[in-house]
Amino acid sequence: MDVLNYKSIAYSKAGKFEEARFEKIHNVIFNSSHEASIIVAQEIADLIRAKNSQNEACVLGLATGSSPIKVYEELVRMHKEEGLSFANVITFNLDEYFPMDRHNIQSYFYFMHEHLFDHIDILPENIHIPDGKVSPEDLYQYCIDYELKIKAVGGIDFQLLGIGRTGHIGFNEPGSHFNSGTRNITLDHITRIDAAPAFLGIDNVPRKAITMGISTVRSAKRIVLLAWGISKADILKKTIEGNITSQVPATYLQEHNNTTFVLDKGASRELTRVKTPWLVTSCIWTEELKLKAVVWLSELTNKAFLKLTDKDYNDNGMSSLLTEEGTAYDLNIKMFNKLQHTITGWPGGKPNADDTNRPERATPEKKRVIIFSPHPDDDVISMGGTLDRLVEQGHDVHVAYQTSGNIAVSDEEALKFAEISMALNAHSEASKNIINALKNKTDHSIDSLEVRKLKGLIRRSESLAATRYLGLHDSNVHFLDLPFYETGTVKKKNLSEDDITIMQSLIESLKPHQIYAAGDLADPHGTHKVCLDSLFEALKRLKHHPYMNDCWVWLYRGAWHEWESYQIDMAVPMSPDQVLKKRHAIFYHQSQKDGVMFQGDDSREFWVRVEDRNRFTAKKYNDLGLADYAAIEAFKRYHFNTT
């Protein structure tokens, strides 16, 4: 079977395969990372079985990070439920931080045993992971020996990869040479920033690593690269459609003849055939695609909707759209009205008004509303102006904080509160224990239950201060403390029945007309995604109840991204006074204000970042020819099946 047919058959059933003239690497797009991971795990399992039937070893190159976790989970499941044996498998991991003790919970040795090796029948002597404690004097020879071990077993049959935002594969950072082998490397600043949450701060992230080289990776007979979430979209476009360059090391894979990139929808967003499919092939012009295309054309030409001409459409590959719609004039008005109808100052619906062209229903006039907030600040950060508007307009608003958020409180902040408690009550045994635990805490150790409880209480008190400021009674604020989050580490447990039951119970008790939830899926394995999955599963189980027919679900984005203009179903403008009020609500979350632990590579504080984003959304609306507002919060409606 030739390579192209093999790849097409392997992924065509669940993925969407389409050759595109812009693309230089074969890629397949799946609806979700979960679906894609199962397919990739199946390919690995088939290879293991085929090699076993021939009495040959199967040599796997393995990756770490969030991308392959579901692949490993599925391989473990197949081992336990289907008898998949790893007795004939030899593995070589891509990389390891340096220096790094293998027993450190941040080590890749720990990661691989936690997610895969401790749950399968692989022989310990067949596991190879770079040793982060090799002495500097022995490191050069150690790397040479690692290469020789790979060659001694006949090379890697299947190499699993992720991709970093710098375009690194393994830890081959920008500047890595085409012929590079296993070596010690200095990590790029962006790579260290991305690792910072796992290490509870960038200061704790090692500056160096041991990595297989580009040549080592490219020598694999088969390569599959996994990429999930919109945070990877920009680098994937450069990798798949750009020129080969050492500044984006993953582009070297363009010259490998058996590579497939496996993407979810978020990761594929910037690819030409996804972002602007009319430039690649004939389109079926759905209403959403029409709006997307006209928004794109407006931004490309720097013209408002109503100023676009027939020539603008024809010159930019959209003549087929004009053929279907008639003239630019008619299409422009249609799209202008469609976007204008998303704007409302009444997010709960305007009483006694014709709601035909409004995003929300006029009735009932006073709605029961649940705002689900994954962390104890996402509500005010992401939709503080809308929350304020809903309260002011008399709706029965409830805020439900899905997790305690305790891991995002620094040890210094917790110590401050513990010492205050100790000063007020010198005989407090709990305060003494917390102070001792914090002062004697070793690097990367897990907080005690008492420390985690204090950190959770800090987040809880800040949340109540913010919601009180916005006019909510404490009885309308719910702290769900979903169990999946309570691990004391960045790594969380999988969604459980207990999590879903908690979500169900709140929805059943309130029978809401509106639900707001975080639809920010930059990290498809992150807390926001698990929180959203818990809501979707609860809705699925409750959908047959009559009250669910009157429940609408609105998704907001988090601090990092906003909906694209064409995706927005409800745009809630904010006045300058409301912008300031939202800022003050965010300020109540003091533990998250200065030097927040999960800042990312954006040095702005959350309130600055959010205000800039809200202003930018308003500017985009204005640039498209709509009214000029100080700021806008945006929402997309989620339609769940109630039948």
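For reference, positions follow the sequence shown, starting with 1.
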One should read off an interatomic distance between Tyr252 OH and Asn179 CG, to the nearest 0.5 angstrom, of 8.5 Å

Side chain to side chain contact (heavy atoms under 4.5 Å, CB included) involving Ala50 - partner list, sequence neighbours excluded | none

Is a side-chain N or O of Thr251 found less than 3.5 angstrom from the main chain of Thr245, in a donor-acceptor match?
-> yes

Minimum heavy-atom distance His528-Ala518, with the two atoms named | ND1-CB, 3.9 Å

Is there side-chain contact between Glu255 and Arg218, with heavy atoms separated by less than 4.5 Å?
-> yes

Which atoms form the tightest heavy-atom contact between Gly266 and Ala233, and what is the distance?
-> O-CB, 3.7 Å

For Met78 and Glu74, run side chain to side chain contact (heavy atoms under 4.5 Å, CB included): C-alpha distance rounded to whole Å, both residues' side-chain angles, the deciding distance at 0.1 Å, then the answer.
-> CA-CA 6 Å; Met78 285 191 278; Glu74 179 64 11; 3.9 Å; yes

How about Tyr146 and Phe92: are their ring centroids closer than 6.0 Å?
-> yes

Quick one: does Asp121's side chain have a donor or acceptor within less than 3.5 Å of a partner on Ser85's backbone?
-> no

Can Lys149 and Asp145 be counted as an ion pair, charged N to O under 4.0 angstrom?
-> no

Ser298 side chain vs Val295 backbone, donor-acceptor pair below 3.5 Å | no

Polar side-chain atom of Asp499 near backbone of Phe484 as donor-acceptor pair, under 3.5 Å | yes

Taking the side chain as every heavy atom from C-beta outward, state whether Arg557 and Ile230 have any atom pair closer than 4.5 Å.
-> yes

Beyond-backbone contact of Val40 with Phe30, side-chain heavy atoms, under 4.5 angstrom = no

Are Lys290 and Leu321 close enough that some pair of their side-chain heavy atoms sits under 4.5 Å apart?
-> yes

Verdict with reasoning, Val89 to Asn126, per side chain to side chain contact (heavy atoms under 4.5 Å, CB included) | CA-CA 7 Å; Val89 173; Asn126 286 349; over 6 Å; no

Is any side-chain heavy atom of Ile240 closer than 4.5 Å to a side-chain heavy atom of Leu263?
-> yes

Could you walk me through whether Leu62 and Phe117 pass the side chain to side chain contact (heavy atoms under 4.5 Å, CB included) test, one step at a time?
-> CA-CA 11 Å; Leu62 300 180; Phe117 297 147; 4.0 Å; yes

Supply the atom-to-atom distance Thr276 OG1 to Met318 CE, rounded to the nearest 0.5 angstrom.
-> 10.0 Å

Can you list the steps and then say if Lys237 with Thr272 is a side chain to side chain donor-acceptor pair (under 3.5 Å)?
-> CA-CA 8 Å; Lys237 179 178 174 63; Thr272 301; 3.3 Å; yes

Show the numbers, then the answer: is there a salt bridge (Lys or Arg N to Asp or Glu O under 4.0 Å) between Glu270 and Lys238?
-> CA-CA 9 Å; Glu270 292 299 316; Lys238 293 177 183 176; over 6 Å; no

Judged by modelled atom types alone, do Ser176 and Arg183 share a side-chain donor-acceptor pair under 3.5 Å?
-> yes

What are the two closest non-hydrogen atoms of Ala634 and Trp563, and how far apart are they?
-> O-CD1, 3.7 Å

More than 12 heavy atoms of other residues, nucleotides or ligands under 6.0 Å from NZ of Lys620: is that the case?
-> yes

Using 4.0 Å as the upper bound for N to carboxylate O, is an ion pair formed by Lys51 and Glu56?
-> yes

Using modelled atom types only, decide if a donor and an acceptor are shared between the side chain of Glu96 and the backbone of Gly132 within a distance under 3.5 Å.
-> no

Short side-chain to backbone donor-acceptor contact, His79 and Leu75, under 3.5 Å | no

Dump the intermediate steps for side chain to side chain contact (heavy atoms under 4.5 Å, CB included) on Leu225 and Thr259, then the final yes or no.
-> CA-CA 8 Å; Leu225 185 147; Thr259 291; 5.6 Å; no

Under 3.5 Å: donor-acceptor pair, side chain of Ser180, backbone of Gly213 | no

Note: Glu43 and Arg222 closest approach over all heavy atoms is OE2-NE, 2.8 Å

Is the NZ or CZ atom of Lys492 both under 6.0 Å from the centre of the six-membered ring of Tyr485 and within 45° of that ring's axis?
-> yes

Taking the six-membered ring for Trp, is the centroid-to-centroid distance between Phe98 and Phe171 below 6.0 Å?
-> no

Of the non-hydrogen atoms in Leu236 and Leu271, which two are nearest, and what is the gap between them?
-> O-CD2, 4.3 Å

Picking from Thr186, Thr166, Thr211, what satisfies side-chain hydrogen bond (donor to acceptor under 3.5 Å, both in side chains) with Glu173?
-> Thr166

What are the two closest heavy atoms between His256 and Ala220, and how far apart are they?
-> NE2-O, 2.7 Å

Is it the case that Ser320 and Trp285 place a side-chain donor and acceptor less than 3.5 Å from each other?
-> yes

Going by an N to O cut-off under 4.0 Å, is there a salt bridge joining Glu82 and Arg49?
-> yes

With rounding to the nearest 0.5 Å, note down the distance linking CD1 in Ile235 to NZ in Lys232.
-> 10.0 Å

Ser135/Asp138 under side chain to side chain donor-acceptor pair (under 3.5 Å): CA gap, chis, key distance, verdict | CA-CA 5 Å; Ser135 69; Asp138 296 333; 2.9 Å; yes

Heavy-atom count around Tyr638 OH within 6.0 Å, excluding the residue itself: above 12?
-> yes

Spacing of Arg269 atom CZ and Ile29 atom CD1 [to the nearest 0.5 Å] = 13.0 Å

Exam field: side chain Lys24 to backbone Gly242, donor-acceptor pair closer than 3.5 Å = yes

Do other residues, nucleotides or ligands put more than 12 heavy atoms under 6.0 Å from Arg207 CZ?
-> no

Gln567 side chain to Lys292 main-chain N or O, any donor-acceptor pair under 3.5 Å?
-> no

Using a 4.5 Å cut-off on heavy atoms from C-beta on, say whether the side chain of Leu139 contacts that of Ile210.
-> yes

Starting at OG1 of Thr91, measure out to CD1 of Ile156 and round the result to the nearest 0.5 Å.
-> 10.0 Å

Would you give the length of the straight line joining atom CG of Asp194 to atom NE2 of His189, rounded to the nearest 0.5 angstrom?
-> 10.0 Å

Return yes when atom NZ of Lys493 has more than 12 non-hydrogen atoms of other residues, nucleotides or ligands closer than 6.0 Å, and no otherwise.
-> yes

Check whether any side-chain heavy atom of Val71 sits under 4.5 Å from a side-chain heavy atom of His115, and report yes or no.
-> no

Do side-chain atoms of His113 reach the backbone of His119 as a donor and acceptor pair under 3.5 angstrom?
-> no

Can you tell if the side chain of Asp131 reaches within under 4.5 Å of the side chain of Tyr142, non-hydrogen atoms only?
-> yes

